[in-house]
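Positions are given from 1, in the same order as the sequence printed here. One-based numbering, in listed order, for ligands and for the atoms of each.
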Amino acid sequence: MYKSRISGLGHFLPPSSVSNQDLCMLMDTSDEWIQERTGIKSRRWVDSNNITSSSQMGYQASLKAIENSGINKSDIDHILFATISPDHYFPGNGVLVQDLLGLDTIGATDIRNACSGFIYALSVANAYVQTGQYENILVIGSELQSPVLDKTTNGRDLSVIFGDGAGAAIISRSNNTSEIFSTHLHSEGKNALELSMKGPSAIHWVDKLERNQISPENFAPQMNGTLVFKNAIVRFEQVINEALNKNKMSSRDIGCLIPHQANLRISQFVQKKLGLRDNQVFNNIQKYGNTTGASIPIALSEAVEQGHVKRGDIVCLAAFGAGFTWGSALLRY
Ligand code: COA
């Protein structure tokens with residue numbers, strides 16, 4: 001078995017920042033409510049006059065990750081793209097980035113595990129590198145969510161939370177002390193529709209909407225916020241402890257916890273339960289909102305850029321989201 005590590009990171013955020021005050025012009029909400037319940041002050045939403053795509057944002061993040069890893073892009077031998085907001089119904093975004101990077105005929109895989117998507121993709125990349133099948137894998141998490149959000153008062157519980165952005169990592173064979181120790185994945189399909197967007201899909205198709213056979217809500221995200229919150233706080237703690245126990249570590253060994261940026265209150269609750277100090281947890285949801293599959297690679301990339309995570313630090317990544325799915329990864333950066 002080989003060891004794998006994160007050799008480079010990059011992220012891309014659309015320039016257009018939307019504050020809580022801006023949202024008050026669109027719906028009945030307030031800066032106070034949003035900050036108190038979610039911790040979010042602003043989010044990035046792509047400019048509707050200058051719309052981009054999740055593959056384009058993923059491509060921009062990938063260029064930075066490749067540069068930071070020190071490899072040549074031709075060294076990449078596989079792509080894993082995690083998104084729930086792909087450019088097309090099919091094909092997936094992986095092949096679009098493969099083409100944008102001009103990477104000949106290497107394989108590309110798409111992963112649709114929402115907020116846990118990056119951890120799931122990292123887990124697959126880790127296994128590929130450990131078995132020797134590939135040496136340098138590009139793992140992307142990218143989401144363009146703002147166009148499908150219901151920005152009226154009707155959709156305010158969801159639309160104030162979500163943002164757009166992309167992050168990417170290069171997972172390489174490791175010849176030094178940097179190492180992904182383990183990954184841990186879980187799901188609970190009985191809650192599949194508690195956080196979901198049903199259409200457009202093969203059974204929720206546009207003509208059914210036009211013939212009034214299904215309602216427009218099927219084409220917007222729906223969330224049982226209280227149930228998501230209650231499950232998230234339990235599963236985050238469980239899956240982080242699972243990673244620590246597997247590697248005979250305790251929460252004191254964590255140099256930096258990067259939780260999926262779902263809601264600041266969830267991160268703070270988990271921090272408290274694990275007894276972590278403020279400087280052991282990195283949050284940037286205040287600026288970017290919840291960017292679903294992109295939130296962990298954006299946060300990790302930013303934590304490294306800002307010096308919160310350095311080479312040799314023990315880092316724990318953890319996510320919970322639609323599916324329900326959840327997972328963690330423990331690594332030495
Ligand atoms: N602005 C103002 N008021 C709002 C609002 C908004 N954006 N969204 C909802 N409200 C109102 C509700 O209509 C409700 O009003 P009512 O009491 O008159 O019926 C009230 O605020 C409380 O709503 P509730 O849903 O109970 O609030 P909450 O404290 O549970 O917070 C969430 C709502 C969504 C912030 C919270 O449930 C949450 O964070 N859930 C997890 C979300 C998450 O992490 N999702 C991503 C998973 S990866």
Side-chain angles (χ1 to χ4, degrees), residues 18-43 45 82-85 111-120 141-143 145-146 148-165 167 185-188 191-197 217 220-240 258-271 283-286 288-299 317-328:
V18 178
S19 70
N20 294 344
Q21 290 299 349
D22 295 333
L23 296 185
C24 295
M25 318 276 273
L26 304 172
M27 62 189 83
D28 179 14
T29 188
S30 68
D31 178 43
E32 192 188 6
W33 192 97
I34 300 171
Q35 284 209 50
E36 191 184 300
R37 309 287 174 118
T38 70
I40 299 167
K41 297 180 180 175
S42 62
R43 72 285 295 139
W45 281 357
T83 187
I84 54 163
S85 47
I111 291 189
R112 298 188 58 201
N113 283 45
C115 300
S116 310
F118 184 80
I119 302 264
Y120 269 73
S142 179
E143 305 286 3
Q145 315 192 94
S146 57
V148 300
L149 296 172
D150 176 353
K151 301 181 189 81
T152 68
T153 300
N154 215 16
R156 65 183 178 174
D157 58 329
L158 269 147
S159 54
V160 302
I161 295 177
F162 291 99
D164 304 330
L185 308 177
H186 297 277
S187 61
E188 195 175 41
N191 289 316
L193 297 184
E194 302 291 349
L195 175 52
S196 63
M197 187 168 119
E217 287 92 75
Q222 306 292 328
M223 176 174 74
N224 179 343
T226 309
L227 188 78
V228 171
F229 193 97
K230 283 183 178 163
N231 276 267
I233 53 176
V234 173
R235 298 309 191 183
F236 264 110
E237 188 191 355
Q238 278 176 355
V239 82
I240 293 167
I258 312 262
H260 160 56
Q261 300 294 290
N263 179 322
L264 192 61
R265 283 195 302 154
I266 294 177
S267 294
Q268 288 168 340
F269 194 93
V270 173
Q271 174 181 342
N283 289 303
N284 61 8
I285 190 170
Q286 299 91 329
Y288 307 135
N290 177 339
T291 55
T292 306
S295 96
I296 288 184
I298 293 173
L317 313 176
F320 177 89
F324 294 155
T325 59
W326 61 100
S328 65

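- Checked against side chain to side chain donor-acceptor pair (under 3.5 Å), Asp150 has the following partners two or more places apart in sequence or in another chain: Thr152.
- Thr292 approaches Ala114 most closely through the heavy-atom pair CG2-C, 3.6 Å.
- Legend: residues meeting side chain to side chain donor-acceptor pair (under 3.5 Å) with Ser196, ordered by chain and number and at least two apart, are absent.
- Residue pairs meeting the salt bridge (Lys or Arg N to Asp or Glu O under 4.0 Å) criterion with at least one partner in residues 224-236, sequence neighbours excluded, are Glu188-Arg235.
- Between the side chains of Asn283 and Ser267, at least one donor N or O sits under 3.5 Å from an acceptor N or O.
- In terms of heavy atoms, Gly289 sits closest to Ile40 at CA-CD1, 3.9 Å.
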Pick out the protein N or O atoms lying less than 3.5 Å from any N or O of ligand 1, and list each pair with its distance.
residue  : atom   : partner : partner atom : Å
ligand 1 : 1 (N)  : Thr29   : OG1          : 2.6
ligand 1 : 3 (N)  : Trp33   : NE1          : 3.4
ligand 1 : 7 (N)  : Thr29   : OG1          : 3.3
ligand 1 : 7 (N)  : Arg156  : O            : 3.2
ligand 1 : 13 (O) : Arg156  : NH2          : 3.1
ligand 1 : 21 (O) : Trp33   : NE1          : 3.2
ligand 1 : 27 (O) : Arg37   : NH1          : 3.2
ligand 1 : 29 (O) : Arg37   : NH1          : 2.6
ligand 1 : 37 (O) : Gly225  : O            : 3.3
ligand 1 : 39 (O) : Asn263  : ND2          : 2.4
ligand 1 : 40 (N) : Gly225  : O            : 3.0

